[in-house]
Amino acid sequence: MKLASNTCSTLNKVLTNELTGINQHFLHARMMKNWGFESLNKKAYKRSIEEMKDADDLIERILLLEGLPNLQQLGKLLIGETPEECLECDMTFEQQKIDQLRKAIADCEQAQDYISRELLEKLLEHGEEYLDWLETQQYLIANTGTQNYLQSQI
Amino acid sequence: MYVCICRGVTSSQIQREVSEQDGKSSVREINERLGCGKDCGRCCSSIKQIIQQSGTNSSNPA
């Protein structure tokens, strides 16, 4: 089934961000594990797998629309040197991603591609949930202190 | 944070290098000294940004 070519390009841009996210969250997860922060490792690992599943759905959708999913393109990874910096980098990344998704959803709506819109809405929901978790962590760091926060994440 | 993932070069390393040269380093000089920006080259724009910011800070001492 063929749709407007700009829908495939929009979906491919979102896919690039998802693929970048998979790697960024996976690397952060394993860095956290290496530092001994098991709870932060689990959270970032889960997010990485979630992004992988989201990327899978996007790939299937692009193929259904007779486009070619671009798995070669990857964005810049934002990798922190400390746990707090990792959380900050993830927050910057998620905010950028949410902005891009909102624009992509509007584009799909414009092109009357309601199924792609629904798919992107699910991705946006995942992004917003994770951003909310990141904001909570920032709040905890600010209010309990970095040392206390990190101790609770072992 | 890590600016060059390929060579593991951080923003603080670049800032230190720039301040040692009184904020007069170019992207090429930084790349030569720290080994960053030589593989995928995706970090070059970030390096440029750090040099500009560090240069502005060193020219306006508090």
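Every chain is numbered from 1, with letters handed out A, B, ... down the list of sequences. What you see is a predicted model; the values in this text were computed from it and never measured.
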*How about A:Lys122: does its NZ atom have over 12 heavy atoms from other parts shown lying under 6.0 Å from it?*
yes

*Return yes when atom CD of A:Glu109 has more than 12 non-hydrogen atoms of other residues, nucleotides or ligands closer than 6.0 Å, and no otherwise.*
yes

*asked:* When you group the ILVMFWY residues by side-chain heavy-atom contacts below 4.5 Å and let the links chain together, are A:Leu63 and A:Leu58 in the same group?
replied: yes

*asked:* I'd like to know if A:Ile115 and A:Ile105 are part of one continuous hydrophobic network [Ile/Leu/Val/Met/Phe/Trp/Tyr, side-chain heavy atoms within less than 4.5 Å].
replied: no

*asked:* If you compare all heavy atoms of B:Tyr2 against all heavy atoms of A:Lys76, which two are closest, and at what distance to 0.1 Å?
replied: O-NZ, 4.1 Å

*Search all heavy atoms of B:Met1 against all heavy atoms of A:Glu85 and return the closest pair with its distance.*
N-OE1, 2.8 Å

*Top residue by heavy-atom pair count (under 4.5 Å) with chain B, among A:Thr82, A:Leu78, A:Leu74, A:Leu27?*
A:Leu74

*Are the side chains of A:Leu77 and B:Arg42 in touch, meaning some heavy atoms are under 4.5 Å apart?*
no

